[in-house]
Every structure is written in C-alpha cells, then in structure tokens.
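Data block below; observations after.
Numbers restart at 1 for each chain; the letters A, B, ... are given by sequence-line order, proteins then strands.
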Number of protein chains: 2
Amino acid sequence: MGYSIKTIAQKSGLSQYTLRYYEREGVLPVVARDVNGNRCFDDEDLELISLICCLKDTGMAIADIKQFIALSKEGSDALSDQCRLLQEHKQHIEEKIQFFQSFAQKIDHKIAYFSSLANEAKAANS
Amino acid sequence: MGYSIKTIAQKSGLSQYTLRYYEREGVLPVVARDVNGNRCFDDEDLELISLICCLKDTGMAIADIKQFIALSKEGSDALSDQCRLLQEHKQHIEEKIQFFQSFAQKIDHKIAYFSSLANEAKAANS
DNA sequence: TTAGACCTTAGAGTTAGGTGTAAGTCAATA
DNA sequence: TATTGACTTACACCTAACTCTAAGGTCTAA
C-alpha cells in the first residue's frame, strides 16, 4: 500500500521535513495520499527521489531540479528538453571532476611543501 | 608597494566584500595596512587566497578553512596538524570524485532511458 | 478510553555565505 | 578648492536550503 514519509525518509536519506519541503516547492511532484490524507509514496516516487538526490548532490540548484521535474508533467513532448538538461548537467559534473582533480594535485603540492617545512623545523630543533 | 583590495579582487575572482568578510571572519589572516589604513596585500597573501579558494571550491566550509588558517599563526609546531587537515580534505575530494563519476554514469543511464522514451513517442506520432 | 505513535498544515526560525548601505577619510586632479 | 574615486568601518540585509514549532487529526494496542 505504498510507503509512508517515514519509510521514504529512511530509504532516501532525506529528512521528512525536506521531503515535505520538496513537495511544497515543486521539487517533487505532488505525492498521492491515502484515505487519511497521509502521503503514500510508490517505487516510481522513490526512483525519482533518487534522481533528485543525485542531481542535488552533484550541485544542481533546487530551482533547476524543479524546472526539470516540471517538464515531466508535460509528457513525451518534453522528453528531449529533459535529455538536454541532463546532458548539460553531466557536462557540469565532468568539469567539476576535472577541477577537483587539479585541486587535489594542488593540495598534494601544498602537503609536500608543508611536510618539508615541518621536517626542517624538526631538524633545526634537534 | 603591495596590492590594493581592488587588484586582489580582480586577481582572485573574489569580490571586495568577500575579501573583507574573510578577513573579518578570520578566514584570511589580518592583512597589512598602508599609512592611510588601506589594506596592502602581498604575493604571499595572494598565494594563500588561492589556496583558500581551492579549499572552498572543493567543498571545505568557511569555518574549517578558518581553523586551518589559525594554525598558520602557531608557526612550525602546527605544520604537521596543517598537513593532516590537508590530507583529510584531499581524502574528501577523492571521495567526491568517485561519487561524481558514479553519478555521471547514473545520469548517462537516465539520458539513454529518456532518449528511448523520446524515440518511442516520435515513432508513435509518425 | 486513553496513551502513544504516526501523520497533517501553516508559518516561523536557522545557518552559511555572502552582499549592500551609510557615513566618513584620504589623495589626486580639474 | 572642490570634486572624484578608492578606500575604510559598522551594521543591516539577502538568498538558498532547510529545520522546527504549534495545533491538530487518525489509528492501534492496553
């Protein structure tokens, strides 16, 4: 009979607050309700939430995710737009990976430099 | 005779507001002043700012950068601590790279899936 | 039949990280 | 000498992304 918000919070790693906030903001499409008005998530929702987390954690702003999700409501006409957005975002991720790799190197150099200073200081003290 | 805040803003890509904010917050060590009380940056400052940007852009929080910078004031005793912090942060960066790579893949799968849906829709329309 | 666990909404509060404004100092220039 | 432009401080304001609170509804087990 679908998942409660508590279950989805556990499965997704998002808090219940965040899930409600996402629905309110249109980051999540409106979630189905049971007879008591309680949210009733299904596996498709869970899959979508996983994609949303993936986009968010790779640096996509909430507002942009919202736009992406809004396209889902327009059906198959919008599929190519959704593809384009994903492709653009993938480009960003790849740039970030490059960037992070070069920064990891830079930090490596710093570590080497700091180590040599630390060793000098040790030698001077002995 | 050193660089003005304007020059450093241009060279670093940070705004003057941000540079002042960083100094205020202790993210930057206190900057030297000229006879008029104006900030007077040198190449060492510029080098440090570049490291700070690198740490920030790879996801280190301002508060943690501040801690790292504070250790600089303790001289050579703190060098090994600074090394350790950098090493830990490099670890984080490498995890992030992994993470981003796996997410890029996931997004690739999504793109393939959305493309196939888009093609189906096109075929159905023709 | 009441206690406890779960859910709901509306709306306020928080945090990080800036960004902008106001009022003033100083030095060079028309 | 008056104005222009760059700088200063103190402090207020802003945005994104949550996070919490209050007040209440519903279900289940003792």
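- At the heavy-atom level, Gln16(A) lies under 4.0 Å from the strands shown only through sugar-phosphate atoms.
- At whole-Å resolution of the value, CG in Asn36(B) and C1' in dT8(D) are 10 Å apart.
- Looking at heavy atoms from C-beta onward, Ile8(A) lies out of side-chain contact with Asp45(A) at the 4.5 angstrom threshold.
- Using a 4.5 Å heavy-atom threshold, the side chains of Gln82(A) and Ser72(A) count as touching.
- Rounded to whole Å, the distance from CG on Leu19(A) to C1' on dA17(D) is 14 Å.
- Note: CD1 (Ile8(B)) to P (dA6(D)) measures 17 Å, nearest angstrom.
- Contact of the Leu55(A) side chain with the His89(A) side chain is registered, since non-hydrogen atoms from C-beta on lie closer than 4.5 Å.
- The line from OG of Ser80(B) to CG of Leu117(A) is 12.0 Å long, rounded to the nearest 0.5 Å.
- The outermost nucleotides of DNA chain C lying under 4.0 Å from heavy atoms of chain A, listed 5' to 3', are dC6(C) to dT9(C).
- The 5' end of DNA chain D is approached more closely, in terms of each residue's nearest nucleotide, by Glu23(B) than by the other of Glu23(B) and Met60(A).
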Tabulated below should be each protein N or O lying under 3.5 Å from an N or O of nucleotides 18-25 of chain D; please produce it.
residue	atom	partner	partner atom	Å
dC18(D)	OP2	Tyr22(A)	OH	2.6

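- Across all their heavy atoms, Ser4(B) and Thr7(B) have their closest contact at OG-OG1, 3.0 Å.
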Could you go through residues 92-107 of chain B and list every donor-acceptor pair under 3.5 Å that involves a side-chain atom there, pairing it with any protein atom two or more places apart or in another chain?
residue	atom	partner	partner atom	Å
Glu94(B)	OE2	Lys90(B)	NZ	3.3
Ser102(B)	OG	Phe99(B)	O	2.9
Lys106(B)	NZ	Ser50(A)	OG	2.3

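- Residues Tyr22(B) and Lys56(B) are in side-chain contact: their nearest non-hydrogen atoms beyond the backbone lie under 4.5 Å apart.
- The shortest distance between side-chain heavy atoms of Val31(B) and Cys40(B) does not fall below 4.5 Å.
- The stretch residues 46-54 of chain B has no heavy atom under 4.0 Å from DNA chain D, so no residue of it qualifies as close.
- Hydrophobic clustering keeps Tyr17(B) apart from Leu28(B) (ILVMFWY residues linked when any side-chain heavy atoms are closer than 4.5 Å, directly or through intermediates).
- Considering all non-hydrogen atoms of both residues, Ile69(B) and Pro29(B) come closest at CG2-CD, 3.7 Å.
- Cluster membership check: Leu46(A) shares its hydrophobic cluster with Phe68(A), using side-chain heavy-atom separations under 4.5 Å among Ile, Leu, Val, Met, Phe, Trp and Tyr.
- Within the 4.5 Å cutoff, side-chain heavy atoms of Phe41(B) are placed close to those of Ile49(B).
- Each of Ala61(B) and Val35(B) was matched to the nucleotide of DNA chain C holding its nearest heavy atom; the match closer to the 5' end belongs to Ala61(B).
- Considering only residues two or more places apart in sequence or on other chains, Asp81(B) meets the salt bridge (Lys or Arg N to Asp or Glu O under 4.0 Å) condition with Arg84(B).
- Counting any heavy atom pair closer than 4.0 Å across all strands shown, Arg20(B) reaches a base atom.
- Within residues 88-97 of chain B, no residue has a heavy atom under 4.0 Å from DNA chain C.
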